[in-house]
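Only a predicted model underlies this, so the values are computations on that prediction, with no experimental measurement involved. The basis for the numbers below is simple: all heavy atoms, side chains too, and nothing from hydrogens, waters or symmetry mates.
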Amino acid sequence: KELASPPPVEDKMATPQVTLQVGSFRRYEEADRRKAELALLGYSASVQAANVNGETWHRVKIGPLPDAEARKLRDRLKAMGMNPLLVKGG
């Protein structure tokens with residue numbers, strides 16, 4: 001009788017991880033509003049400040065997520081009128 005090999009262990013480090021940027025706003029209040037919209041849809045997002053050419057922008061991000069999952073979510077959010085970007089690493 002042959003021994004069945006164990007199921008493969010999913011290695012999260014082997015799965016490419018990406019972040020979805022779901023908006024970039026000059027005003028924190030606008031970024032926070034987008035984060036709240038996403039929360040109402042069931043998605044947990046964060047707001048991160050970024051300095052771009054001496055100006056502070058507030059980026060709304062979801063992730064990191066496995067690449068395939070992020071692409072599906074991007075398509076869902078596009079269908080809702082948002083314009084998310086896939087960002088490697090975060």
Spell out, yes or no, whether Leu41 and Leu73 are grouped together once hydrophobic residues are joined by side-chain heavy atoms under 4.5 Å, including indirect joins. yes

Can you give me the closest heavy-atom contact between Ala45 and Ile62, atom names plus distance? CB-CG1, 3.9 Å

So if you build clusters from Ile, Leu, Val, Met, Phe, Trp, Tyr with side-chain heavy-atom gaps below 4.5 Å, do Phe25 and Met80 land together? yes

Rounded to the nearest 0.5 Å, how far apart are CG of Leu38 and CG of Leu20? 9.5 Å

Of the non-hydrogen atoms in Ser46 and Gln48, which two are nearest, and what is the gap between them? OG-NE2, 3.7 Å

Taking every non-hydrogen atom, the tightest pair across Ser24 and Arg59: OG-CG, 3.6 Å

Distance in Å, Leu86 CG paired with Asp67 CG, rounded so as to fall on 0.5 Å steps: 6.5 Å

Among residues two or more places apart or on two chains, list those pairs meeting side chain to side chain donor-acceptor pair (under 3.5 Å) that have a residue in residues 75-87. Tyr43-Arg76

So which heavy atom on Val18 is nearest to which on Ala70, and how close? CG2-CB, 3.3 Å

Can the ring centres of His58 and Tyr28 be said to be less than 6.0 Å apart? yes

Output every pair passing salt bridge (charged side-chain N to carboxylate O under 4.0 Å, His left out) with a member in residues 29-38, not counting sequence neighbours, ordered by first then second residue. Arg27-Glu29, Arg27-Glu30, Arg34-Glu37

Find the distance between CD (Gln21) and CH2 (Trp57) and round it off to the nearest 0.5 Å. 10.0 Å

Give the minimum heavy-atom separation between Thr19 and Gly63, together with the two atoms involved. OG1-C, 4.3 Å

